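The shown structure was predicted, so the numbers you read here are calculated from the model rather than taken from an experiment.
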Amino acid sequence: MNIPKYFKSAVLGAFILGVNACAGTMSSFPPVHFATMPKADDYPDMPAVVLLDNATLTYKTQNGKNGAQAVLTHHRRYKILNERGFSYATIVLPTSAHSNITSLSGRIVYPDGREKALAGNEIQHQPGLVRPELGRVIARISGPEVGAVVEFQYVRTFDDARYIPTWNMGSELPVKRAEFAIITTPDILLDIRSGTGQFISDEQPIRRDLEKNQQRLLWVKNDLPPLYPEENMPDLQRLRAWVSPVFQGVRAKESGAQSGDIMRKWEDVGAWYLKETKHLTELNTAHDWISREQSETALYSWLQEQAVPVSTEYIWEAGPVDYNEIGQKKPASVRDLAAFFAAILKVRGLEAYPVLVIKPGGRLINIDMPSLVPFAHVVVAVKKQGGAADYSFLDPGCPKCGFATLPRELQGGAGLLIKDEEHAEFINLPLSTPEQNSSAIDIKMRLKNTGELEGFFNLKAEGEAARLLREALSKNKSEQKKALLAAFADSGTSMDISNWEVADLKNLSAPIRVTGACKASMKELKYQEYKFAADQITGELYHHLWKDKRRYQLATGGPLVWEMKLSIELPVGYEVDQPLPVDLFAPGYGEYSSYYKKDGKYFRFERRFVIKKPIIESEEYGEFLAFIKKARQAEALGVTFLSTEE
């Protein structure tokens, strides 16, 4: 079982936690002392520095679903080091079906002692455009200055203590001091772990007894380095220090029993999902969409046409919808769409089950701590016919995915397959072969004596490459052109295209084919002597790998195959120098081969580029980059076209 990095460690403790907090009031900000603060010279490449990041999570046993609420109070203080730091005078806080911002304040303190408080008209609540509960609260304090201190404090209330995410410490900025505290009473049971990145820690929190039988647990980190954003990074939980509290129930005062729908084992997580989506699974065969005359592929296509999928960071964030709304093109979360489609397939006699998904490189899972926190998506597993033990996987939340095709960001992940309230098991999501995610381009052009190239192209894409192309080709002409050029080149192509036509755009299970006209120009060295390199058309492979070193994992977009055939008809009397073929093999990572050849009046170039590994660890990055650089050099080999005519 390939679950991301099990945590196998002793439980920090089954604590009895509680709350006696008021979410409607804010404490005053602590005083500011500029003399002891770091200066811009201390962080020359940073726009700001976090002086204090202080969060307190308090549990409340009254009026909460499943016996407990939770209240998060978060205070963050920045010092602005240069004008780029002005953006930190704005804070954006998302809302959801189970958490809301109940109080927010902020201020700027200037080096000369002046203060400016966050005004009421500088706070906006924006309901979600797709679903109202998925909105955000935005606060912008006007008048930031270099050297000033900006700070915000807000209160977030969770109506159900099971929905507390893991708290990550650290920032894209350096952090002088980060604190996370939990307030405890004897009423509430929590299982708490802490760690850094993919490793659990033996570090114990600082404990302090409070009034009314409360206890405060405090984790402190000083001088945390900045997290430099990189393209295709893993989830931040894999990089930061973190604390994960999992709610395990409220202890009754007399019997000692716990109340509510508590998650003691992974089957309890499955039972939660089935209960949350029960209103979508009580179907009958009278509905048009369950007609036995329709194939499963046709039903899947129907759902994709009707559904408006809503993706959220956590699977509980969006509120439920009625199944009739799905048929009316009303927005629905991927959690609900998967339950709905699994129910349809079950009515038709198939074994179909929802699967809660952990993305590759996504949030960590602690196998000993059942909770909802790791899961970011939900798909449907359909047992294959003929007694096979394996499954086909469908993603109703992926509008352009073909039948039994998962999007790239889910392939190779892990999932909790939910059979019923008493049976749930972890499985691996399949990873496509390179050939199942392929793009092949055949280009035929004619060289003019002016160095211009004109002709036409034929593009065929399959699997994930086809899905991404379909998404772009459903947009405006400018976006279509951008996507087609990206199929030619990773970056920097000199190719121009026009008059393209698309076949098989709506058949999501078929390859997509595009034909059109194309033109380009060679670099003129002297009269009727031109230089050409393949990367004029293909661009620079993996152009986003612009650094020789990488701090974090890299998601490659693979496995994939990228093939290109280029044929250029030459004018009479032209000769071409022919570089030697190139064959590169990076075991486990990929392959590259290319060759140039003059064949009568035609010049031909062929290239095949294969990526095998979807995730490159930071320690593997140097070896992978060396392979990519050699492939780039092969693409950049110059070929001279020279007229021998008098």
Side-chain angles (χ1 to χ4, degrees), residues 26-57 72-93 104-118 139 141 144-156 166-182 194-197 199 201 203-208 216-230 233 236-244 551-552:
M26 300 292 295
S27 61
S28 60
F29 289 109
V32 174
H33 302 288
F34 283 95
T36 59
M37 290 183 184
K39 299 178 175 57
D41 292 344
D42 298 326
Y43 303 98
D45 60 339
M46 289 286 114
V49 58
V50 178
L51 303 173
L52 179 63
D53 193 14
N54 187 337
T56 300
L57 183 64
L72 174 71
T73 302
H74 184 201
H75 170 222
R76 180 174 281 191
R77 172 179 283 183
Y78 304 90
K79 182 179 180 183
I80 298 175
L81 302 180
N82 54 53
E83 291 185 357
R84 291 187 294 124
F86 290 175
S87 62
Y88 293 97
T90 298
I91 187 171
V92 180
L93 303 169
L104 172 62
S105 62
R107 69 170 179 171
I108 295 178
V109 182
Y110 300 98
D112 61 7
R114 290 177 296 124
E115 292 189 21
K116 182 182 184 299
L118 174 68
I141 312 179
E145 294 180 4
V146 174
V149 167
V150 173
E151 54 190 334
F152 291 98
Q153 187 167 236
Y154 66 88
V155 171
R156 180 184 293 277
T166 296
W167 184 260
N168 294 319
M169 306 170 84
S171 167
E172 73 278 2
L173 301 173
V175 178
K176 296 300 294 179
R177 184 177 178 87
E179 301 177 355
F180 180 71
I182 294 176
S194 64
T196 299
F199 301 98
S201 172
E203 177 186 3
Q204 296 296 307
I206 302 168
R207 302 167 189 262
R208 180 185 175 191
R216 184 172 185 257
L217 307 177
L218 175 65
W219 289 261
V220 178
K221 299 292 180 183
N222 291 313
D223 297 317
L224 293 171
L227 292 170
Y228 293 89
E230 293 180 335
M233 286 173 59
L236 292 180
Q237 188 186 342
R238 294 172 173 264
L239 310 174
R240 297 177 174 179
W242 49 265
V243 180
S244 181
R551 293 177 173 86
Y552 315 124

With sequence neighbours left out, the residues meeting side chain to side chain contact (heavy atoms under 4.5 Å, CB included) with Ala241 are Met169, Thr196, Lys221
Item to check | Heavy atoms from other residues, nucleotides or ligands near CD of Glu83 exceed 12 (cutoff 6.0 Å) | outcome: no
message: Run Leu218 and Arg208 through side chain to side chain contact (heavy atoms under 4.5 Å, CB included) and show every step you take.
response: CA-CA 8 Å; Leu218 175 65; Arg208 180 185 175 191; over 6 Å; no
| said: With a 4.5 Å cut-off on side-chain heavy atoms, are Val243 and Ser194 touching? | reply: yes
Check your understanding: Is the closest side-chain heavy-atom distance between Val32 and Glu115 below 4.5 Å?
Key -> no
Met37 and Val149, any side-chain heavy atoms less than 4.5 Å apart
yes
Salt bridge flag under 4.0 Å for residues Arg114 and Asp112
yes
Looking at side-chain heavy atoms only, is the closest gap between Val50 and Tyr88 below 4.5 Å?
no
Residues passing the salt bridge (Lys or Arg N to Asp or Glu O under 4.0 Å) test with Arg84, sequence neighbours excluded, are none
- When you look at Phe29 and Val109, which way does the side chain to side chain contact (heavy atoms under 4.5 Å, CB included) test go after all the steps? CA-CA 11 Å; Phe29 289 109; Val109 182; over 6 Å; no
Sequence neighbours excluded, the answer for side chain to side chain contact (heavy atoms under 4.5 Å, CB included) partners of Thr90 is Val92, Ile138, Arg140
message: Keeping Trp219 on the side-chain end and Glu179 on the backbone end, is there a donor-acceptor pair under 3.5 Å?
response: no
- Side-chain heavy atoms of Arg177 within contact of Val220, under 4.5 Å: yes
Exercise for the section: Go through the steps to decide whether Met233 and Leu227 satisfy the test side chain to side chain contact (heavy atoms under 4.5 Å, CB included), and finish with yes or no. Expected result: CA-CA 11 Å; Met233 286 173 59; Leu227 292 170; 5.6 Å; no
Which of Val49, Ile108, Leu173 passes side chain to side chain contact (heavy atoms under 4.5 Å, CB included) with Tyr78? It is Leu173
- Query: Between the side chain of Asn82 and the main-chain N/O of Val146, is any donor-acceptor distance below 3.5 Å?
  - Reply: no
Side chain to side chain donor-acceptor pair (under 3.5 Å) with Asp53: of Arg77, His75, Lys176, His74, only one passes, and it is His74
Between the side chains of Asn168 and Gln237, is a donor N or O closer than 3.5 angstrom to an acceptor N or O? no
